[in-house]
Amino acid sequence: MRILLDGFTKSFGPMTVIDKMTLEIRDGEMLALLGPSGCGKSTTLFAICGIHKISAGRILFGDRDVTNVASQQRNVGVVFQSYALYPHMTVAENIAFPLEVKKLKAAEIKRQVDQMAELVHIEELMKRRPAELSGGQQQRVALARALVRKPDVLLLDEPLANLDSKLRLEMRSEIRRLQLATGITAILVTHDQVEAMSMCDRIAIMNAGEIVQIATPGEMYRNPRTEFVAGFLGNPPIAFLHGVATSGGFASVGGEAIALPASVPLPPPGSKLTLGIRPEHFGPTGNIPIRGRISFIETQGRENLYDVTLPSGSMLRSIQPLRGDVALNEEIEWSIAGDRILVFDEHGTRL
Amino acid sequence: MTSNFRAWPVVLALSIVSAPLVLMYVYLLVDTVTSTAPGSLIPYEFTLRHWTFLWTPVPGRPDIWRVALNTLVFATASSAIVLSLSSTAGYVLSRLNVPFRRFFLAGVMVLHAFPSVTLIVAIFLVLQMVGLYNSLAGVILVKAALDMPLGIWIMKGFYDTVPWEIEMAGIQDGASRFTVWRRLVLPQVRPALLALGLFAFLSGWSEFILPQVLAPDNRVQVLSVYLAGLIADDNNFDMALFKSVGVFYVVPVILLFLFFQKHLMNIYGGGTKG
Amino acid sequence: MNSSKKLGLLLITPAAIVVVMLFLVPVVLTAVFAFTNMSTSTGISGGAYQISPNALQELRDHYDMPSVAERLSQSGFAVDEPGLAALGKAGIDADIVTELRGHIGETFAARRDAERAIRNLNHRPSLREVKQISDQFNRSIMNARYDSKAALLAAVASVMPNLSGAEHQAIIAASYTGWTWTTGNFRRMASIPGTQRSLVNTMVYVAFTLTLFNIGFAMVLAITTFYMPSRAAGFFRGVWLLPRISPPVIYVLLWKWLAWDTGFLSVFLGRFGIHSRNWMLDSGTNAWVFVVLINGFVGASMGMLIFSSALQAIPRPLLYASEVDGASRWQQIWHIIMPQLRWPILFVTCYQTLSLLTSFDLILLSTNGGPGGSTEVWALATYHTALNNYAGNLEYGYGAAMALVLVVVGVFLSLAYLRLFNYRDLVAKPLIEH
């Protein structure tokens with residue numbers, strides 16, 4: 001079901017956290033709300049499920065205006081970060097609860113609960129209590145409970161934050177599998193860009209109560225709209241050089257001059273500029289050579305990450321396949337792929 | 001504690017300090033089933049004579065079982081009222097958007113620290129005016145009302161520890177706020193209910209001033225008033241009898257305490273009066 | 001109104017009603033009663049009007065109306081029509097009534113004169129009849145009760161028709177037997193020496209019990225049990241909780257057994273040639289020792305529990321580290337344990353000051369304020385004034401005024417307490433807004 005936030009505004013007392021935000025989630029899509037903590041993504045989630053009243057604007061589920069509809073009548077499934085399983089009920093009772101509240105017949109409840117247990121692979125856990133389950137199992141139960149009433153939309157609030165790294169990998173694909181299997185519209189709230197990129201059809205990246213950019217993960221990585229987006233996506237992270245525009249190029253604060261491709265519309269010389277250079281676009285191959293000293297080497301297994309300190313003191317990162325020919329503190333001259341440089345003006349807007 | 005310091009000097013020192021207290025309680029038990037000659041500290045015979053008050057009432061006093069029943073009714077009823085009203089009001093103050101919530105909260109907080117016994121003069125007059133003086137119902141209500149701010153405060157504290165997500169999940173699952181409270185939140189605070197219920201019961205069972213002032217009549221007498229009356233009666237000095245009645249009175253308290261020590265500690269340690 | 005509001009109001013109303021009716025209303029009423037002179041003699045409902053000897057006294061002394069008082073006090077007998085009619089109804093012989101009719105208009109100042117005249121009638125009434133007849137002609141208003149002002153004034157007018165309005169008001173005020181509004185309680189409180197004595201007693205009681213036991217001894221208990229194996233610690237904590245969980249009546253009984261003249265102390269010390277006596281009540285000093293001990297043994301347990309749990313919160317490695325650094329036990333207590341107790345000590349001090357100030361049940365049961373009022377603290381004095389004393393005249397108004405002092409202190413201290421323990425955190429807004 002299509003979800004539309006139209007001019008959604010939320011204030012807490014005198015403080016406006018989100019101001020006139022508009023966001024559309026397409027039917028059957030899984031969308032990530034990505035952003036640092038405090039950016040307003042949880043507030044948005046709470047508004048969609050009805051825990052918060054919104055201060056202005058509308059929320060539409062399909063064509064139905066649910067702005068003033070109570071949570072209970074919205075038909076939204078939520079998986080909380082802590083899973084929020086009812087500790088005094090068994091797994092089966094947990095999953096059955098939404099149906100019992102609907103006053104379905106016992107036989108019907110049992111049928112649907114079993115069906116759901118089978119879908120999330122927890123058939124053998126039905127008699128246990130939440131305290132007797134591992135993190136991943138609790139997560140599956142929470143998913144089953146959220147899905148059992150066939151909600152119009154599934155909200156996932158940092159669902160992987162409490163899992164260890166191995167389980168996180170497993171549940172990432174598991175959640176996506178369930179979403180695709182049920183065809184449900186889903187919103188994933190996360191501060192982890194890897195989660196957002198790997199699980200979702202589209203990402204809405206938020207900062208300070210605003211949606212900065214909405215795009216598919218690949219598009220957003222390649223083509224970030226702002227410095228914030230470029231900095232938020234990518235692991236290892238992008239490196240920034242601060243400086244000013246010159247005619248046809250860029251001069252860093254420390255004095256390095258870098259010629260920029262003609263495709264970039266440059267502001268008048270003297271304007272402040274920031275260059276973003278991803279680690280994979282700085283290395284032995286490239287067209288803009290730059291000298292520096294290797295100040296740190298981090299071995300990641302398949303690849304090495306090099307921190308290169310420029311003479312001015314600025315720093316670039318480079319990620320390259322394993323190689324044994326460079327050592328710490330060695331002076332090197334590597335090159336930047338000029339056409340991949342991201343150029344931002346003084347407000348952080350991409351040029 | 002840690003192995004660097006020896007424990008026995010501390011144990012010894014504290015044993016000496018605690019001796020008088022232990023002595024008093026040991027003699028409380030011993031004196032009820034023995035006889036001791038005047039001027040002696042060692043009993044000379046075993047006897048159940050001091051317990052005859054159980055089947056033949058002490059002259060001029062009501063039947064002990066009647067009094068015990070009154071006490072039971074008093075303690076049970078006041079604790080039931082405290083429990084049911086604090087478990088609802090505590091939830092409201094912890095979780096629901098009611099008008100004047102801050103006002104209610106501040107009120108409860110001030111009242112829970114407030115020494116209620118200072119109100120007894122006014123309460124005495126109020127009960128006289130509304131005709132509940134010398135009735136069990138009146139003193140039950142008063143006891144419950146005076147214990148309630150503490151009860152509400154304790155319950156609010158326990159409700160505050162129930163994760164909000166549980167409640168949010170319940171709402172998303174389509175349950176009304178009442179169902180959420182009844183079926184999801186209340187089970188989480190069961191230990192608190194048990195502790196508060198016991199606490200209020202013991203507090204009612206021990207209460208002396210309120211029934212003494214508000215319901216002194218023989219018909220509605222409770223054990224504390226009965227025993228105090230017995231002791232105050234100069235014509236009938238019998239320490240062994242006092243102690244036997246005392247043991248009869250205190251045994252339920254000790255038993256409850258032994259069984260539910262863990263639960264009760266929460267409340268006794270967490271700022272009650274006295 | 002949304003559903004959570006409705007449910008909230010529904011769930012909180014019963015508790016609110018009970019608390020308001022039996023808690024807040026008494027607070028207000030304490031203030032109200034404090035400005036009355038209610039007592040056993042005035043009763044607590046409305047009163048009547050009666051020209052009693054007291055009322056006359058007041059008219060003479062207070063309103064400077066000796067002549068009016070004199071006149072009101074005189075008994076007066078008058079032969080008149082209403083009296084004759086009443087005699088007829090009372091079954092007096094018709095001949096006597098007829099004869100009396102001839103005397104209509106005669107008055108007598110004293111009963112003696114009236115009765116002599118009646119005895120001298122031709123029909124010679126019997127002694128009983130003389131009494132009956134004189135009663136019917138008694139026109140004195142001395143000691144008669146009137147339910148309303150109007151009835152009183154009518155009666156007064158029958159004796160003294162020409163009184164001024166001010167004089168009427170004075171008679172009404174002087175003869176009223178119910179309670180009245182007054183600020184006299186507070187003036188009296190400020191003036192009598194008993195006030196000062198109870199104040200000093202209260203301070204002694206609170207200061208000694210608090211510092212020696214509720215804080216001092218509680219700390220000793222917490223720290224010593226902290227250094228013990230857990231079984232021993234559990235035993236001692238259990239022992240020291242006994243006074244708290246025992247009902248006060250039985251707990252105090254144990255102390256009486258210890259202190260009475262045939263009790264443990266007397267018998268035990270008797271072995272050493274010290275003659276037996278009531279150790280609790282034989283001198284003011286001893287009484288104080290017992291009052292502080294009795295209250296202190298109960299009070300120590302709260303501090304013990306609170307301090308103990310604060311000590312449990314000290315990270316173990318901190319203790320190990322200090323021992324590795326070569327700290328002695330005293331140094332460990334002073335540098336590691338004591339700083340941890342600062343906040344709990346403040347908490348216990350606040351809480352216990354308030355409850356000690358107003359608790360009196362243990363003193364009531366043990367010394368009852370004696371000997372000779374030397375352990376009569378403010379709260380107990382209040383109780384004795386308003387609810388229970390030997391004289392039998394319970395002064396509710398004055399007692400309420402005394403209680404009001406405690407109520408005011410209580411409100412102030414609990415507000416201070418509220419500020420101290422961050423109220424803000426406790427009233428965070430609910431997260432679910434619907």
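In what follows, chains are A, B, ... by sequence order, proteins preceding strands, each numbered from 1. All figures in this text were calculated on a predicted structure; none of them were measured in a lab.
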Which answer fits B:M239, side chain, backbone, both or neither, if we ask what part of it has an atom under 4.5 Å from a heavy atom of chain C?
side chain
When you compare the side chain of B:S206 with that of C:I250, does any pair of heavy atoms fall below 4.5 Å?
no
Could you have a look at C:V20, C:L406, C:L254, C:L357 and say which one has the most heavy-atom pairs with chain B under 4.5 angstrom?
C:L254
Contact origin within B:M148 toward chain C - heavy atom pairs under 4.5 Å
side chain
Which atoms form the tightest heavy-atom contact between B:L85 and C:P14, and what is the distance?
CD2-CB, 3.5 Å
Evaluate the side chain to side chain contact (heavy atoms under 4.5 Å, CB included) criterion for residues B:V17 and C:W240: first the C-alpha distance (whole Å), next the side-chain angles of each, then the deciding distance (0.1 Å), finally the verdict.
CA-CA 11 Å; B:V17 179; C:W240 285 96; 4.2 Å; yes
Pick from B:V82, B:L223, B:V142, B:I231: which one has the most heavy-atom pairs with chain C under 4.5 Å?
B:I231
Do B:T88 and C:I12 have side chains that approach each other closer than 4.5 Å (heavy atoms only, starting at C-beta)?
no
Under 4.5 Å from any heavy atom of chain C, what part of B:F124 do you find: side chain, backbone, both or neither?
side chain
Closest non-hydrogen contact found for B:A122 with C:T30 is CB-OG1, 3.3 Å
To check you understand the geometry: which heavy-atom pair defines the closest contact between B:L14 and C:F236, and what is its length?
CD2-CG, 3.7 Å
By a 4.5 Å heavy-atom criterion (distance strictly below it), what part of B:I152 contacts chain C: side chain, backbone, both, or neither?
side chain
Measure distances from B:V11 to the heavy atoms of chain C and classify the residue's part below 4.5 Å as side chain, backbone, both or neither.
both
How far apart are the closest heavy atoms of B:F104 and C:A16, and which atoms are they?
CE2-CB, 4.2 Å
Checking heavy atoms, do the side chain of B:I171, its backbone, both or neither come under 4.5 Å from chain C?
side chain
Side chains of C:S246 and B:V253 in contact at under 4.5 Å (non-hydrogen atoms)
no
When every non-hydrogen atom of B:A228 is compared with those of C:V249, the smallest separation belongs to N-CG1, 3.8 Å
Evaluate the side-chain proximity of B:L125 to C:L29: yes if any heavy-atom separation is below 4.5 Å, no if none is.
no
Can you tell me which portion of B:V10 sits under 4.5 Å from chain C's heavy atoms? Options are side chain, backbone, both or neither.
both
On a heavy-atom basis, which atom in C:A15 and which in B:A89 lie closest, and how many Å separate them?
CB-CB, 3.6 Å
For B:S15, which atoms come within 4.5 Å of any heavy atom of chain C: side chain, backbone, both, or neither?
both
B:F208 portion near chain C, given a 4.5 angstrom heavy-atom threshold:
side chain
Atom group of C:V411 that falls short of 4.5 Å from chain B, counting heavy atoms:
both
B:L23, B:V245, B:L258: which one forms the most heavy-atom pairs within less than 4.5 Å of chain C?
B:L23
Side chain / backbone / both / neither for B:E167 at chain C, heavy atoms under 4.5 Å:
both
Counting heavy-atom pairs closer than 4.5 Å to chain B, which one of C:Y396, C:W257, C:F33 comes out on top?
C:W257
Contact leader toward chain B among C:F297, C:W260, C:Y383, where contacts are heavy-atom pairs under 4.5 Å
C:W260
